[in-house]
A.B. asks: 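The structure is given below, and queries will be raised subsequently.
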Amino acid sequence: MMARALILTAAAVGASSLASPLRARDTSLMVSALQSLGTRIVTSDDALWQVHPTALRGPADIDCGLAGTVMRFLPPLAATATGAITFDGDPHARSRPMGPMMKALEELGATIDGNGSGLPFTITGMGRLTGGEVTIDASRSSQFISGLLLAGPLYDRGLTVRHEGPPVPSAPHVRMTIDMMRAAGAVVDDSERDVWRIEPGRLSGRAWHIEPDLSNAAPFLAAALITDGETTVPGWPYDTSQPGDLLRDVLVEFGGRIDLSDGGMTARGNGRITGIDIDLSEAGELTPVIAAVAALAETPSTLRGIGHLRGHETDRLAALTREINNLGGKVTESEDVLRIRPAKLHGGVFNTYDDHRMAQAGAVLGLAVPGVELSDVACTSKTLPDFPHMWAALLETGS
């Protein structure tokens, strides 16, 4: 939600505010990128950020880090700026898929110099983009769709995006994008399956309230199941398009109990974890923590529809298989499935691959398996910089 709000405020006419903003590496990279293009963003108040948009301009060098939101949400907007804007990022970011989006932007009138498949590349803008209709295969990332839609109102002819290929993963992320665009004044027609039509027009500045990142709650809620304890995450919305809301159903399937109230969402364990068979295509980001819980279950689990995770911060299916099995687990992978059988785990080093979700999975396993050590916990700063302190506090309180 935070990355989308930043893009929409930078593309708007008039100032905006962001209440309860998430300060993390990904959002800091997005803020720095937009500032380098001329947007004034005041972040001195941790509770309320102010955004004052201006005409976007280069030259600029954009550091994407490992943030898929920066490397996929910002280029469609940068194509409407003036001047040369170069995108690059962390070494592994260069292997993350970008080809379909780059091809789509070129078909819409953007000038791009690069290898045609990913970072690094340079967009040279003339202050406007023709837009029109484009067909894209977004089966490797819903961010291709969201990135194009967010900038669509600024294009001269608006934008029509057609998806052709296997199903778009993490579909709730696209719904979140559309909901937020409409809140900012965009006219979006999504009545036809796999087709999105955006009318040209300016977006309005507004006050945004940023929901907590529900996916970041996964390890803390999982802790309740694993320790037969209780964890409450305050501020959990009753109604949200965030994929992380799927945790409510997943935790119950594992054998936990869930209570949602004005005080937040509370998860409770019952002393046993039962394996699950679940399609995670709409919430793939939850897979690492869910796989960790499944590795501690009494019965087998099957996690389906997650092949797109091979193109995330790391190949998460291969990484989870390797690291859980290195601790004595029984995990097998296929193209888009993980199968996890019960096994007695032992201590050892759990490698995180600079991936925040892998680090969260390792932390969850460490609750039940003595001697598990994370190779790097600092990578959690990507979306939750305070994770080490929060996790330590959880262990100290036991709740």
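When a residue number appears, it is its place in the shown sequence, counting from 1.
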A.B. asks: Does a donor on one side chain and an acceptor on the other come within less than 3.5 Å for Y238 and D262?
C.D. replies: yes

A.B. asks: Side-chain donor-acceptor pair under 3.5 Å between N216 and R357, yes or no?
C.D. replies: yes

A.B. asks: Report yes or no: do T122 and T86 form a side-chain donor-acceptor pair below 3.5 Å?
C.D. replies: yes

A.B. asks: Do R304 and S281 pair up side chain to side chain, a donor and an acceptor below 3.5 Å, judged on atom types alone?
C.D. replies: no

A.B. asks: For P153, what residues pass the side chain to side chain contact (heavy atoms under 4.5 Å, CB included) criterion, not counting sequence neighbours?
C.D. replies: M181, A186, I198, L203

A.B. asks: Are L247 and W236 close enough that some pair of their side-chain heavy atoms sits under 4.5 Å apart?
C.D. replies: yes

A.B. asks: For E133, check salt bridge (Lys or Arg N to Asp or Glu O under 4.0 Å) against everything at least two apart and list the hits.
C.D. replies: R162

A.B. asks: Is any side-chain heavy atom of I62 closer than 4.5 Å to a side-chain heavy atom of V70?
C.D. replies: yes

A.B. asks: Are V331 and R322 close enough that some pair of their side-chain heavy atoms sits under 4.5 Å apart?
C.D. replies: no

A.B. asks: Can L77 and L34 be said to form a side-chain contact (heavy atoms from CB on, under 4.5 Å), step by step?
C.D. replies: CA-CA 10 Å; L77 180 62; L34 291 170; 4.2 Å; yes

A.B. asks: Give me the ring orientation class for W391 and F387: parallel if the planes are under 30° apart, tilted from 30 to 60°, perpendicular past 60°.
C.D. replies: parallel

A.B. asks: Verify side-chain contact (heavy atoms from CB on, under 4.5 Å) between F73 and Q143, making sure each step is shown before the conclusion.
C.D. replies: CA-CA 7 Å; F73 289 2; Q143 291 177 343; 4.0 Å; yes

A.B. asks: Hey, are the side chains of P300 and P342 touching, using non-hydrogen atoms and a 4.5 Å cut-off?
C.D. replies: yes

A.B. asks: Taking NZ, NE, NH1 and NH2 as the nitrogens, is one of them in R94 or D88 under 4.0 Å from a carboxylate oxygen of the other?
C.D. replies: yes

A.B. asks: Keeping to residues at least two apart or across chains, list the ring pair (Phe, Tyr, Trp, His ring centres under 6.0 Å) pairs with something in residues 107-160.
C.D. replies: F87-F121

A.B. asks: I'd like to know if D90 and R25 make a salt bridge, using a cut-off of under 4.0 Å between side-chain N and carboxylate O.
C.D. replies: yes

A.B. asks: Could you state the interatomic distance from CD1 (I276) to CD1 (I290), rounded to the nearest 0.5 Å?
C.D. replies: 5.5 Å

A.B. asks: In chain order, what residues pass the side-chain hydrogen bond (donor to acceptor under 3.5 Å, both in side chains) check against R182, with sequence neighbours excluded?
C.D. replies: D190

A.B. asks: Distance from L286 atom CG to I278 atom CD1, nearest 0.5 Å?
C.D. replies: 8.5 Å

A.B. asks: Within the structure provided, determine whether L150 and L8 are in side-chain contact (heavy-atom separation under 4.5 Å).
C.D. replies: yes

A.B. asks: Taking 4.0 angstrom as the limit, do R316 and E333 come out as a salt bridge?
C.D. replies: no

A.B. asks: Testing the basics here: between G263 and T232, what is the closest heavy-atom pair and its distance to 0.1 Å?
C.D. replies: O-CG2, 4.1 Å

A.B. asks: Could you walk me through whether L365 and L296 pass the side-chain contact (heavy atoms from CB on, under 4.5 Å) check?
C.D. replies: CA-CA 8 Å; L365 288 170; L296 301 170; 4.1 Å; yes

A.B. asks: Does the side chain of E211 come under 3.5 Å of the side chain of T240 through a donor N or O and an acceptor N or O?
C.D. replies: yes

A.B. asks: Regarding S95 and H92, do their side chains bring together a donor and an acceptor under 3.5 Å, going by distance alone?
C.D. replies: yes

A.B. asks: Is any side-chain heavy atom of F254 closer than 4.5 Å to a side-chain heavy atom of R272?
C.D. replies: no

A.B. asks: Listed by chain and number, what are the side chain to side chain contact (heavy atoms under 4.5 Å, CB included) partners of P388, not counting sequence neighbours?
C.D. replies: V377, T380

A.B. asks: Tell me, do V161 and V195 make a side-chain contact under 4.5 Å, heavy atoms counted?
C.D. replies: no

A.B. asks: Does a donor on one side chain sit under 3.5 Å from an acceptor on the other, for T177 and R4?
C.D. replies: yes

A.B. asks: Between D279 and G305, what is the shortest heavy-atom contact and its length?
C.D. replies: OD1-CA, 4.0 Å

A.B. asks: For A171 and E282, work out which heavy atoms get closest and say how close.
C.D. replies: CB-OE2, 3.9 Å

A.B. asks: Quick one: list whatever passes side-chain hydrogen bond (donor to acceptor under 3.5 Å, both in side chains) with R257, sequence neighbours left out.
C.D. replies: none

A.B. asks: With no hydrogens and no angle check, just 3.5 Å: does a side-chain donor-acceptor pair link H173 and S142?
C.D. replies: no

A.B. asks: For Q50 and S17, which I'm curious about, is there any donor-acceptor pair between the side chains at under 3.5 Å?
C.D. replies: no

A.B. asks: Would a 4.5 Å heavy-atom cut-off, applied to side chains only, mark L303 and V337 as touching?
C.D. replies: no

